[in-house]
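We use all heavy atoms of the structure for the numbers below, so side chains are in, but hydrogens, waters and symmetry mates are not. Because the structure is predicted, anything quoted here is derived from the model rather than measured.
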Amino acid sequence: MANQNLSDEFLTIYTQWGEAIANKQHDWLEDFFADDFLGTAQPWPTLRVDKRQMIDLDKAIEAMETKWLRVDAQRIGDEVLTTGFVRYLREDFRAGAVIGEGMPSGSEIADLTKGKVAVYTNAWRYNGQRWQCYDHHLVAVIEDKGFD
């Protein structure tokens, strides 16, 4: 079951992440992702990114406007699992931005999420100074209904 105080804390973290991307605060991302970071996304079973690829993908975003609608967090031992719902109002990637062979382009990702709500599950560990994301998974993109 989600813990409300923890959920509120992670809503703040997700919002800071979005702000760092939107404001091109790329240095902030370096310590945000754990060294063993793994990211995946449906509907692309071949999309798998490590820390460097994720940071490069975030750097390829030229303009972004999102709103985190809800984050549910629960502690599992020393780690935290979250489910987050974010409304994508705008996400513009640099022309020709690619992740890697067999993976979608930035524009394909933006086309999937524009005007919709993306659902992410993430795993986090505390490194002694801050929470770091080590698993990040886009699990669904749904119509933007019932979140206001």
Side-chain angles (χ1 to χ4, degrees), residues 1-3 6-7 9-22 24-26 28-127 130-147:
M1 173 171 237
N3 173 294
L6 197 59
S7 297
E9 179 180 353
F10 276 87
L11 176 61
T12 299
I13 292 169
Y14 277 104
T15 300
Q16 291 170 343
W17 181 5
E19 289 171 352
I21 295 168
K24 301 187 183 338
Q25 297 168 324
H26 299 139
W28 188 92
L29 300 170
E30 291 293 334
D31 192 46
F32 176 72
F33 298 108
D35 289 338
D36 61 342
F37 175 85
L38 169 68
T40 65
Q42 288 298 335
W44 300 288
T46 58
L47 191 151
R48 298 176 61 83
V49 294
D50 62 17
K51 176 180 178 173
R52 181 56 33 214
Q53 290 168 310
M54 186 66 184
I55 291 172
D56 289 346
L57 181 64
D58 285 349
K59 286 180 176 181
I61 298 171
E62 292 185 333
M64 186 174 80
E65 185 179 351
T66 60
K67 178 171 174 48
W68 285 94
L69 305 170
R70 188 174 88 214
V71 173
D72 298 324
Q74 65 181 32
R75 190 174 293 278
I76 307 292
D78 291 335
E79 299 172 355
V80 171
L81 300 179
T82 60
T83 303
F85 300 80
V86 61
R87 178 185 300 132
Y88 278 88
L89 303 167
R90 178 179 184 191
E91 185 178 42
D92 299 335
F93 285 84
R94 181 179 60 244
V98 294
I99 303 167
E101 188 174 329
M103 293 190 240
S105 67
S107 63
E108 288 174 305
I109 294 170
D111 287 345
L112 175 70
T113 59
K114 186 175 183 176
K116 297 191 174 107
V117 173
V119 183
Y120 292 97
T121 60
N122 295 293
W124 307 80
R125 70 172 75 90
Y126 197 75
N127 73 356
R130 71 175 298 169
W131 287 103
Q132 288 184 307
C133 182
Y134 67 89
D135 270 313
H136 175 66
H137 306 283
L138 170 62
V139 294
V141 177
I142 59 178
E143 292 300 321
D144 186 6
K145 297 179 182 174
F147 284 99

Kindly indicate whether the side chain of [X], heavy atoms from C-beta on, has any atom under 4.5 Å from the side chain of [Y].
{"X": "Val80", "Y": "Tyr126", "value": "no"}
{"X": "Thr66", "Y": "Ile21", "value": "no"}
{"X": "Phe10", "Y": "Asn122", "value": "no"}
{"X": "Glu9", "Y": "Trp131", "value": "yes"}
{"X": "Asp72", "Y": "Gln74", "value": "no"}
{"X": "Leu57", "Y": "Gln53", "value": "no"}
{"X": "Asp58", "Y": "Ile61", "value": "yes"}

Applying ring-ring contact (aromatic ring centres under 6.0 Å, His included), which residue pairs with at least one partner in [range] are found, sequence neighbours left out?
{"range": "residues 44-65", "answer": "none"}
{"range": "residues 45-77", "answer": "Tyr14-Trp68"}
{"range": "residues 48-67", "answer": "none"}

Next on the checklist: Minimum heavy-atom separation for Met64 and Glu91, please, with both atom names.
Outcome noted: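 Met64 and Glu91 have their closest heavy atoms at SD-OE2, 4.1 Å.
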Next on the checklist: Using a 6.0 Å distance limit plus a 45 degree cone around the ring axis, check whether Arg130 lies over the aromatic ring of Trp28.
Outcome noted: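 Yes, Arg130 sits over the ring of Trp28.
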How would you list, by chain and number, every residue that makes a side-chain contact (heavy atoms from CB on, under 4.5 Å) with [X], sequence neighbours excluded?
{"X": "Ala34", "answer": "Asp36, Arg125, Gln132, Tyr134"}
{"X": "Ala95", "answer": "none"}
{"X": "His137", "answer": "Leu38, Thr40, Thr121, Asp135, Val139"}
{"X": "Thr46", "answer": "none"}

Checklist entry - Just wondering, are more than 12 heavy atoms of other shown residues or ligands nearer than 6.0 Å to NZ in Lys24? => result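 Result for NZ/Lys24: enclosed.
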Checklist entry - Mind checking what makes salt bridge (charged side-chain N to carboxylate O under 4.0 Å, His left out) contact with Arg94, not counting sequence neighbours? => result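 Per chain and number, Arg94 pairs via salt bridge (charged side-chain N to carboxylate O under 4.0 Å, His left out) with no residue.
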Item to check | For Asp78, all residues meeting salt bridge (charged side-chain N to carboxylate O under 4.0 Å, His left out), sequence neighbours excluded | outcome: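 So Asp78 forms no salt bridge (charged side-chain N to carboxylate O under 4.0 Å, His left out) with any residue.
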Listed pairs under 3.5 Å, donor-acceptor, residues 108-117 side chains, sequence neighbours left out:
residue : atom : partner : partner atom : Å
Glu108  : OE1  : Ser105  : N            : 2.7
Glu108  : OE1  : Ser105  : OG           : 3.4
Thr113  : OG1  : Ile109  : O            : 3.3

Item to check | Listed partners of Phe33 passing ring pair (Phe, Tyr, Trp, His ring centres under 6.0 Å), at least two apart | outcome: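 Applying ring pair (Phe, Tyr, Trp, His ring centres under 6.0 Å) to Phe33 gives Trp17, Phe37.
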Next on the checklist: I'd like to check the ring pair (Phe, Tyr, Trp, His ring centres under 6.0 Å) partners of Tyr88; sequence neighbours left out, ordered by chain and number.
Outcome noted: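 Scan of Tyr88 (ring pair (Phe, Tyr, Trp, His ring centres under 6.0 Å), adjacent residues dropped) gives none.
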Checklist entry - Between Arg52 and Glu30, is there a salt bridge with N-O shorter than 4.0 Å? => result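 Yes, this pair counts.
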